[in-house]
Colleague: 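Next up is a structure, given as structure tokens.
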Amino acid sequence: RANTYAKELGIDLDREHIYMGRSWVNILGKGGKIESHTHVAATFSGAFYLKLPEPAGVLRFIDPKQPIRRDPHYASAPTLFNTGHVDYPVAEGLLLLFPGYAMHGMLDENPSDTDRVSLSFDYFSISLNGQSPPPPPRNLVDKLWKEIDEAG
């Protein structure tokens, strides 16, 4: 799905190599919330929802152009074109991919005793003509994972 999404973003996969540069698990107990943030260095990011309480929650994306929406020309446009945000109700098994610069966060705290568990990740790209830095050497990545495994 990452390759398909990259193509939809206009990335020429004959000239750019995409790779998952980092990933992490979010485990939010009762009252837990992910505040609005971006992954500005990432080419694109994603979230996969593994386990959710009822209600599952809503991921909100905030329009970075919101300040210009006050223009009277936008005021008369349909709501889809002048809203300051878009909400996605999350569900177990849902995969969302989005540009790394997109401001996003969970709308509400987890109201349940059941954990809200998601896997988040960032994709980066390397220009095949040498204009972008390469990913870290594999031996350094393997060493880091070994240290994490040994720690606990």
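Along the sequence shown, residues are numbered consecutively beginning with 1.
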Colleague: Honestly curious: do Leu96 and Val40 fall in one hydrophobic cluster under the side-chain, below-4.5 Å linking rule?
Modeller: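 Not linked; separate clusters.
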Colleague: Write out all pairs satisfying side chain to side chain donor-acceptor pair (under 3.5 Å) with one or both partners inside residues 48-59, taking only residues at least two apart or from two chains.
Modeller: none
Colleague: Taking ILVMFWY side chains as joined if any heavy atoms are under 4.5 angstrom apart, and letting links pass through other members, which residues group with Leu107?
Modeller: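 In the cluster with Leu107 are Val58.
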Colleague: Ignoring hydrogens and angles, write down the donor-acceptor pairs under 3.5 Å from the side chains of residues 114-121, residues two or more places apart or on other chains.
Modeller:
| from | atom 1 | to | atom 2 | distance (Å) |
| --- | --- | --- | --- | --- |
| Arg116 | NE | Ala56 | O | 3.1 |
| Arg116 | NH1 | Asp108 | O | 3.3 |
| Arg116 | NH2 | Ala56 | O | 3.3 |
| Ser118 | OG | Asn26 | ND2 | 3.3 |
| Ser120 | OG | Asn26 | ND2 | 2.8 |

Colleague: Give, for atom CD1 of Ile62 and atom NE2 of His85, the distance between the pair rounded to the nearest 0.5 Å.
Modeller: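 Output value for this atom pair is 8.5 Å.
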Colleague: Could you give the distance from OG (Ser112) to NZ (Lys30), rounded to the nearest 0.5 Å?
Modeller: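 The OG atom of Ser112 sits 7.5 Å away from the NZ atom of Lys30.
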Colleague: Does Tyr5 have any ring pair (Phe, Tyr, Trp, His ring centres under 6.0 Å) partners at least two apart in sequence or in another chain, and if so, which?
Modeller: Phe44
Colleague: Following the transitive rule for hydrophobic clusters with a side-chain heavy-atom cut-off under 4.5 Å over Ile, Leu, Val, Met, Phe, Trp and Tyr, establish whether Val86 and Leu95 coincide in one cluster.
Modeller: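 They do share one cluster, since a chain of ILVMFWY contacts under 4.5 Å joins Val86 to Leu95.
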Colleague: Any chain of hydrophobic side-chain contacts (each under 4.5 Å) joining Val25 to Met20?
Modeller: yes
Colleague: Heavy atoms only: give me the nearest Phe48-Gly93 pair and the separation to one decimal.
Modeller: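 The answer is CE1-O, 3.3 Å.
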Colleague: Can you tell me if NZ on Lys7 sees more than 12 non-hydrogen neighbours from other groups inside 6.0 Å?
Modeller: no
Colleague: Taking all atoms of both residues into account, what is the closest heavy-atom pair of Phe124 and Ala42, and its distance?
Modeller: CE2-CA, 3.6 Å
Colleague: Considering non-hydrogen atoms only, spot the tightest contact between Leu94 and Val90 and give its length.
Modeller: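 For Leu94 versus Val90, the nearest heavy atoms are CD2-CA, 3.9 Å.
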Colleague: For the atom pair CZ (Arg1) and CG (Leu97), what is the distance rounded to the nearest 0.5 Å?
Modeller: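 Those atoms lie 8.0 Å apart.
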Colleague: Could I get the full list of side chain to side chain donor-acceptor pair (under 3.5 Å) partners for Asp122, not counting sequence neighbours?
Modeller: Arg22, His39, Ser45
Colleague: Rounded to the nearest 0.5 Å, what separation is found between the CZ atom of Phe98 and the OG1 atom of Thr38?
Modeller: 10.0 Å
Colleague: Tell me, which pairs form a salt bridge (Lys or Arg N to Asp or Glu O under 4.0 Å) where one or both residues lie in residues 96-107, sequence neighbours left out?
Modeller: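 Sorted pair list comes back empty.
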Colleague: Just verifying a value: how many Å separate Met106 CE and Leu28 CG, rounded to the nearest 0.5 Å?
Modeller: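 These two atoms lie 7.5 Å from each other.
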Colleague: Hey, could you give me each pair passing salt bridge (Lys or Arg N to Asp or Glu O under 4.0 Å) that has a residue in residues 86-96? Not counting sequence neighbours.
Modeller: Arg60-Asp87
Colleague: Could you report the tightest heavy-atom contact between Pro99 and Leu9, atom names first, then the distance?
Modeller: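 Looks like CG-CD2, 4.4 Å.
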Colleague: What pair of heavy atoms forms the shortest contact from Glu35 to His37, and how long is it?
Modeller: O-ND1, 2.8 Å
Colleague: Could you list the cluster mates of Tyr101? Members are the ILVMFWY residues connected by side-chain heavy atoms closer than 4.5 Å, either directly or through other members.
Modeller: none
Colleague: Kindly compute the distance separating OH (Tyr123) from OG1 (Thr43), expressed to the nearest 0.5 Å.
Modeller: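 Atom-to-atom, Tyr123:OH and Thr43:OG1 are 11.0 Å apart.
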Colleague: On a heavy-atom basis, which atom in Leu13 and which in Ala6 lie closest, and how many Å separate them?
Modeller: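 Heavy-atom minimum between the residues: CD2-CB, 4.1 Å.
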